[in-house]
Number of protein chains: 2
Amino acid sequence: MSYTLDVAPRKVSSPDSQSTLTDALVQLSFEVQRRLANVAAEYDLSLAQLRLLGVLRDHQPGIQRLADHLGLEKSSVSGLVDRAEARGLVRRISNADDGRSVHVTLSRRGRSLAKQGEREVEEAMSDLVTHLTDADRDRLADLLTRAFSDPDRPDGLT
Amino acid sequence: MSYTLDVAPRKVSSPDSQSTLTDALVQLSFEVQRRLANVAAEYDLSLAQLRLLGVLRDHQPGIQRLADHLGLEKSSVSGLVDRAEARGLVRRISNADDGRSVHVTLSRRGRSLAKQGEREVEEAMSDLVTHLTDADRDRLADLLTRAFSDPDRPDGLT
DNA sequence: TATTGTTATACTCTATAACTATA
DNA sequence: TATAGTTATAGAGTATAACAATA
């Protein structure tokens with residue numbers, strides 16, 4: 001396999017372990033994204049919209065803060081929020097402490113979708129590892145968590 | 001953490017192990033996709049284009065076959081191939097066995113980019129697991145490979 | 001009739017650049 | 001001046017539907 005998502009074996013004499021891991025990671029990422037998009041589609045949402053709702057479950061950030069967190073430009077986020085607002089999923093609330101800024105918050109409906117979506121995502125991910133034993137799942141979670149323990153990875157909405 | 005990609009802890013009393021695994025998988029998928037997009041951007045490609053080149057390294061499929069493999073509509077792939085062709089990365093070759101069909105093939109330049117891209121992707125994935133020991137990396141590759149061993153998962157370009 | 005591919009159309013997502021308002 | 005947000009513009013990616021050519 002390769003980063004191509006191929007299942008057919010590459011014509012290469014026994015791939016080294018790094019390329020095996022690379023293929024597994026890449027393939028996994030596409031499969032997870034595909035499943036996330038499917039969950040979103042069940043609610044007639046795009047993946048970007050579902051992700052937005054998920055972020056807002058625990059935060060009421062401004063546009064720029066949201067942009068930093070999502071790794072997007074603020075203008076992109078402005079549009080994302082526009083569309084979500086037009087669909088009644090989120091609202092812009094003015095920020096009492098800073099007249100330039102806003103708080104993006106979930107509407108009642110947005111919150112409901114976020115909650116249902118999270119459940120569905122959990123189910124979709126559970127299905128993905130259905131071939132693993134409980135112990136293996138814990139091992140996998142542990143390995144992935146540790147792979148992410150790099151303190152200089154940019155993220156966080158804290 | 002949640003499927004939101006949050007790093008900030010959710011206000012929940014010790015999440016169950018499924019949600020921990022869910023979060024890890026979702027977070028990983030976004031991070032891998034981010035890195036893939038970065039590699040693509042180094043060559044002024046989108047992730048979709050890089051993925052297309054990767055697939056074509058070992059295959060010369062028709063549009064429909066490509067669509068099945070990528071999980072896209074044939075019209076979407078037609079456009080994807082249009083843009084890649086306009087950039088001199090791929091070519092449509094007529095199929096001698098079926099006048100309706102084509103073979104999508106890499107150009108010399110496309111092949112070169114695909115090769116370089118694959119190297120870069122391997123490096124990017126290697127960086128991602130830099131915190132894991134060699135043994136852990138093998139374990140991770142094994143777990144992911146086994147998670148994917150579902151025979152009814154749709155894929156394959158064989 | 002069924003399949004392969006293209007085209008027309010529409011929408012989402014994203015970025016860059018220029019702008020307004022506030023700090 | 002610097003920051004937060006919006007708007008204008010452009011392009012990629014994707015889907016649905018209708019179409020043409022071939023099987």
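Chain identifiers are assigned alphabetically (A, B, ...) following the order of the sequence lines, protein sequences preceding nucleic acid strands; residue numbering begins at 1 within each chain.
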B:R92 side chain N/O closer than 4.0 Å to the phosphate oxygens (OP1, OP2) of C:dT6?
yes
Quick one: is A:S78 getting a side-chain N or O under 4.0 Å of the D:dT7 phosphate, OP1 or OP2?
no
B:S29 side chain vs A:V32 backbone, donor-acceptor pair below 3.5 Å
no
Name the closest nucleotide to the [X] side chain, picking from [options].
{"X": "B:R83", "options": "D:dA12, C:dG5, C:dT22", "result": "D:dA12"}
{"X": "A:D98", "options": "D:dG5, D:dA4, D:dT7", "result": "D:dA4"}
{"X": "A:Q64", "options": "C:dG5, D:dT14, D:dA4", "result": "D:dA4"}
{"X": "A:A48", "options": "D:dT6, C:dT14, C:dA15", "result": "C:dT14"}

Would you call B:R87 and B:L45 a side-chain contact if the rule is heavy atoms closer than 4.5 Å?
yes
How would you label the contact of B:V77 with the nucleic acid (heavy atoms, under 4.0 Å): base, sugar-phosphate, or nothing?
nothing
Classify the nucleic acid contact of B:S101 as base, sugar-phosphate or nothing, counting any heavy atom under 4.0 Å across all strands shown.
sugar-phosphate
Side-chain donor or acceptor of B:S75 under 3.5 Å from a matching atom on the base of D:dT14?
no
Can you say whether a donor on the side chain of A:R100 sits under 3.5 Å from an acceptor on the base of D:dT3, or the other way round?
yes
